[in-house]
Amino acid sequence: MTFDASETTFQNSDTDPHANDAAPYGGGDPYADYREAGDLPFTELVDLADRRLGAGVIAANDEFFAERENLLIRERAVFDPEHFGHKGKIMDGWETRRRRGADAETPFPAPEDHDWAIVRLGAPGIIRGLVVDTAHFRGNYPQRVSVQATSVEGAPGPEQLLADDVKWEEILPPTPVRGHAANAFEITSGRRYTHIRLCQHPDGGIARLRVHGEVVPDPAWLAALGTVDLISVLNGGTYEDASDRFYSSPTQIILPGTSRKMDDGWENRRRRVRDTNDWVRFRLPAQGAVRAIEIDTAYLKGNSAGWIALQGRNGDTGEWFEILPRTRLQPDTLHRFVLRAQAVVTHVRLDAFPDGGVARMRLHGTLTESGAAELTRRYEESGA
């Protein structure tokens with residue numbers, strides 16, 4: 001069996017169980033022989049399992065060697081060859097104990113045996129791709145992984161999610177993975193989910209998990225709130241394109257909350273071509289009427305954008321029009337603008353002159369009647 005994702009090949013672990021092992025750590029840079037996933041389009045989408053959105057690992061059947069919560073840490077996994085504890089080597093990831101068979105005659109675990117962890121997504125959404133990162137798990141990674149997903153409204157606990165009446169859909173069947181590698185999988189289900197269950201077959205360790213997709217917000221919740229941030233990731237705002245992604249993803253501009261440090265926003269490289277500027281384009285969850293805008297340059301002190309401008313358009317082929325003229329920004333400052341007239345848009349483009357960073361942008365307003373109807377249709381279809 002071979003699974004190919006952007007030129008990343010997984011060998012048949014049935015004929016050679018060690019075909020996907022990484023070489024033992026030999027000293028020096030632990031990432032020197034790390035196997036990247038390649039350039040995958042879905043990784044530009046928001047990580048639905050980002051703790052900044054409210055995601056969490058709420059249960060696991062086993063976390064003997066390393067805690068399940070490590071799966072969602074934003075930073076790449078750290079490896080310290082000298083870090084041992086009372087239970088053995090301490091790894092930066094989720095690691096279970098070695099499974100055993102029923103008796104001395106059958107020492108290996110049964111084919112169906114596996115370990116699992118349940119992840120609450122930070123926002124309900126359509127999953128487009130998964131990255132199962134086994135960094136530093138060179139000979140102790142799982143032979144296969146599988147992923148199931150479900151949609152349960154409210155805030156269910158593990159007992160509710162594991163109940164017999166909860167339907168879990170397999171979005172990734174048991175599939176070989178490589179050790180010390182970013183294992184990427186495209187998902188084509190198209191349904192909206194609230195939770196996933198990551199399974200290791202039969203056991204082992206996984207450093208990080210990323211669940212990339214598109215948020216599909218509940219239109220009834222947005223209507224109850226009234227004025228909302230129409231561009232927030234939590235409300236279905238999406239980053240589409242940008243002139244530069246050198247230091248960080250533009251998606252961070254529309255994350256909830258305030259930035260915590262300089263790289264928790266969008267920062268581009270220094271632009272050297274005169275009469276050009278950097279820009280980033282976003283799509284609202286549906287047509288909305290924008291009434292007020294916030295542009296935050298928190299923690300960007302010597303590298304914030306000098307000036308910004310905001311344009312909007314209504315529809316994929318609509319003409320771009322000015323919402324905010326070119327406006328001077330102050331470093332490390334929250335800027336607020338009340339519009340004289342509401343701007344009805346489906347897309348916005350933020351221009352930075354000539355370059356520099358923006359920590360957060362918020363577009364306060366409401367969905368239009370047609371926008372609310374469109375979002376309701378998408379919400380109902382994705383839950384079918």
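Because the structure is a prediction, the values reported are computed rather than measured.
- By the side chain to side chain donor-acceptor pair (under 3.5 Å) test, Tyr299 pairs with no residue at all, sequence neighbours left out.
- When hydrophobic clusters are built by joining Ile, Leu, Val, Met, Phe, Trp and Tyr residues whose side-chain heavy atoms come closer than 4.5 Å, directly or via intermediates, Leu121 is grouped together with Leu234.
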Run Asp62 and Arg97 through salt bridge (charged side-chain N to carboxylate O under 4.0 Å, His left out) and show every step you take. CA-CA 7 Å; Asp62 189 304; Arg97 74 193 80 196; 2.6 Å; yes
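- A 4.5 Å side-chain heavy-atom check between Leu375 and Leu367 finds at least one atom pair inside the cut-off.
- Grouped with Met262 in one hydrophobic cluster are Leu300, the linkage being side-chain heavy-atom contacts under 4.5 Å among Ile, Leu, Val, Met, Phe, Trp and Tyr residues.
- Side chain of Thr327 to main chain of Pro325: a donor-acceptor pair is present (N/O by atom type, distance under 3.5 Å, no hydrogens or angles).
- Between atom CZ of residue Phe65 and atom NZ of residue Lys87 there is a gap of 8.5 Å, rounded to the nearest 0.5 Å.
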Give the C-alpha distance, both sets of side-chain angles, the deciding distance and a yes or no for side-chain contact (heavy atoms from CB on, under 4.5 Å) between Val132 and Leu209. CA-CA 5 Å; Val132 179; Leu209 173 69; 4.1 Å; yes
Take Glu381 and Tyr379 through the side-chain contact (heavy atoms from CB on, under 4.5 Å) test and state the conclusion after the steps. CA-CA 6 Å; Glu381 287 181 354; Tyr379 184 81; over 6 Å; no
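- At least one donor-acceptor pair under 3.5 Å links the side chain of Gln252 to the backbone N or O of Gly265.
- When side chains are defined from C-beta on, Ile295 does not count as touching Leu334, because their heavy atoms never get closer than 4.5 Å.
- Taking Ile, Leu, Val, Met, Phe, Trp and Tyr as hydrophobic and joining them when side-chain heavy atoms fall under 4.5 Å apart, one finds Phe84 isolated, its cluster having no other members.
- The shortest distance between side-chain heavy atoms of Asp115 and Asn61 falls below 4.5 Å.
- Rounding to the nearest 0.5 Å gives a distance of 8.5 Å between CG of Asp133 and CD of Glu36.
- Listed by chain and residue number, Tyr31, His180 satisfy the ring-ring contact (aromatic ring centres under 6.0 Å, His included) test with Tyr34 (two or more places apart in sequence, or in another chain).
- Pairs passing the ring pair (Phe, Tyr, Trp, His ring centres under 6.0 Å) check and including a residue from residues 315-369, sequence neighbours excluded, do not occur.
- Judged purely by atom type and a 3.5 angstrom limit, Arg99 uses its side chain to pair as donor or acceptor with the backbone of His114.
- In this structure, the side chains of Thr134 and Arg35 stay at 4.5 Å or more apart for every pair of heavy atoms.
- Rounding to the nearest 0.5 Å gives a distance of 9.5 Å between CG of Asn140 and NZ of Lys89.
- Side-chain atoms of Thr333 come within 3.5 Å of backbone N or O of Pro331 as a donor-acceptor pair.
- Looking only at atom types and distance, the side chain of Asp278 has a donor-acceptor partner in the side chain of Ser243 under 3.5 Å away.
- For the atom pair Ile254 CD1 and Asp229 CG, the distance stands at 8.5 Å (nearest 0.5 Å).
- Heavy atoms from other residues, nucleotides or ligands lying under 6.0 Å from CZ of Arg270 number 12 at most.
- Under the 4.5 Å side-chain criterion, counting only non-hydrogen atoms from C-beta, Pro142 is in contact with Ile206.
- Partner Ser382 forms a side chain to side chain donor-acceptor pair (under 3.5 Å) with one of Arg192, Arg191, Arg377 and no other, that one being Arg192.
- The shortest side-chain heavy-atom distance between Leu198 and Leu71 falls under the 4.5 Å cut-off.
- Under the 6.0 Å distance and 45° angle rule, Arg281 does not count as a cation-pi partner of Tyr239.
- No side-chain donor-acceptor contact under 3.5 Å links Thr258 and Arg360.
- Among all heavy-atom pairs drawn from Pro158 and Ile58, the shortest one is CG-O, 3.7 Å.
- Within the structure, ring pair (Phe, Tyr, Trp, His ring centres under 6.0 Å) contacts touching residues 259-285 (residues at least two apart or in different chains) do not occur.
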Between Trp116 and Leu162, is a side-chain contact (heavy atoms from CB on, under 4.5 Å) present by the stated rule, with each step listed? CA-CA 12 Å; Trp116 54 263; Leu162 294 171; 3.8 Å; yes
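- In this structure the side chain of Leu230 never reaches within 4.5 angstrom of the side chain of Asn235, judged on heavy atoms.
- Checking Gln287 against Thr346 by side-chain atom types alone, no donor-acceptor pair falls below 3.5 Å.
- Note: the hydrophobic cluster containing Val57 does not contain Ile118 (ILVMFWY, side chain heavy atoms under 4.5 Å, direct or indirect links).
- Distance check, rounded to the nearest 0.5 Å: CD1 of Ile73 to CD of Glu75 gives 7.5 Å.
- Chaining together hydrophobic side chains whose heavy atoms lie under 4.5 Å apart leaves Val338 on its own.
- For the pair Asp355 (side chain) and Arg271 (backbone), a donor-acceptor distance under 3.5 Å is present.
- The backbone N or O of Gly93 sits less than 3.5 Å from a side-chain atom of Asn70, completing a donor-acceptor pair.
- Counting heavy atoms of neighbouring residues, nucleotides and ligands inside a 6.0 Å radius, atom CD of Glu319 does not exceed 12 of them.
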Evaluate side-chain contact (heavy atoms from CB on, under 4.5 Å) for Met361 paired with Leu363, printing each intermediate quantity in order. CA-CA 7 Å; Met361 177 175 71; Leu363 305 182; 4.2 Å; yes
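- Looking at Arg74 and Asp47, their side chains come closer than 4.5 Å, going by heavy atoms from C-beta outward.
- Nearest heavy atom pair, residue Ala286 against residue Gly371, reads CB-O, 3.2 Å.
- Taking CD1 from Ile90 and CD from Glu95, the interatomic distance works out to 11.0 Å, rounded to the nearest 0.5 Å.
- The side chain to side chain contact (heavy atoms under 4.5 Å, CB included) test applied to Thr150 returns Val152, Leu161, Val166, Trp168, His195, not counting sequence neighbours.
- Gln148 contributes no side-chain N or O that, together with a main-chain N or O of Glu169, makes up a donor-acceptor pair within less than 3.5 Å.
- Every pair passing side-chain hydrogen bond (donor to acceptor under 3.5 Å, both in side chains) that includes a residue from residues 200-216 is listed here, sequence neighbours excluded: Asp92-Arg208, Arg128-Glu214, Ser146-His201.
- The main-chain N or O of Leu40 is found under 3.5 Å from a side-chain atom of Thr43 such that the two form a donor-acceptor pair.
- Under the side chain to side chain donor-acceptor pair (under 3.5 Å) criterion, Arg326 pairs with no residue at all, not counting sequence neighbours.
- Remark: Phe64 engages no residue in a ring-ring contact (aromatic ring centres under 6.0 Å, His included) (not counting sequence neighbours).
- The minimum heavy-atom distance linking Asp33 with Ala23 is given by the pair OD2-O, 4.2 Å.
- Contacts of Arg378 classified as side chain to side chain donor-acceptor pair (under 3.5 Å), with partners at least two apart in sequence or in another chain: none.
- Remark: the backbone N or O of Pro202 is not paired with any side-chain donor or acceptor of Asp113 at under 3.5 angstrom.
- For Tyr141 (side chain) and Arg144 (main-chain N/O), no donor-acceptor pair under 3.5 Å exists by modelled atom type.
- Note on Leu324: it does not cluster hydrophobically with Val344, by side-chain heavy-atom contacts below 4.5 Å among ILVMFWY residues.
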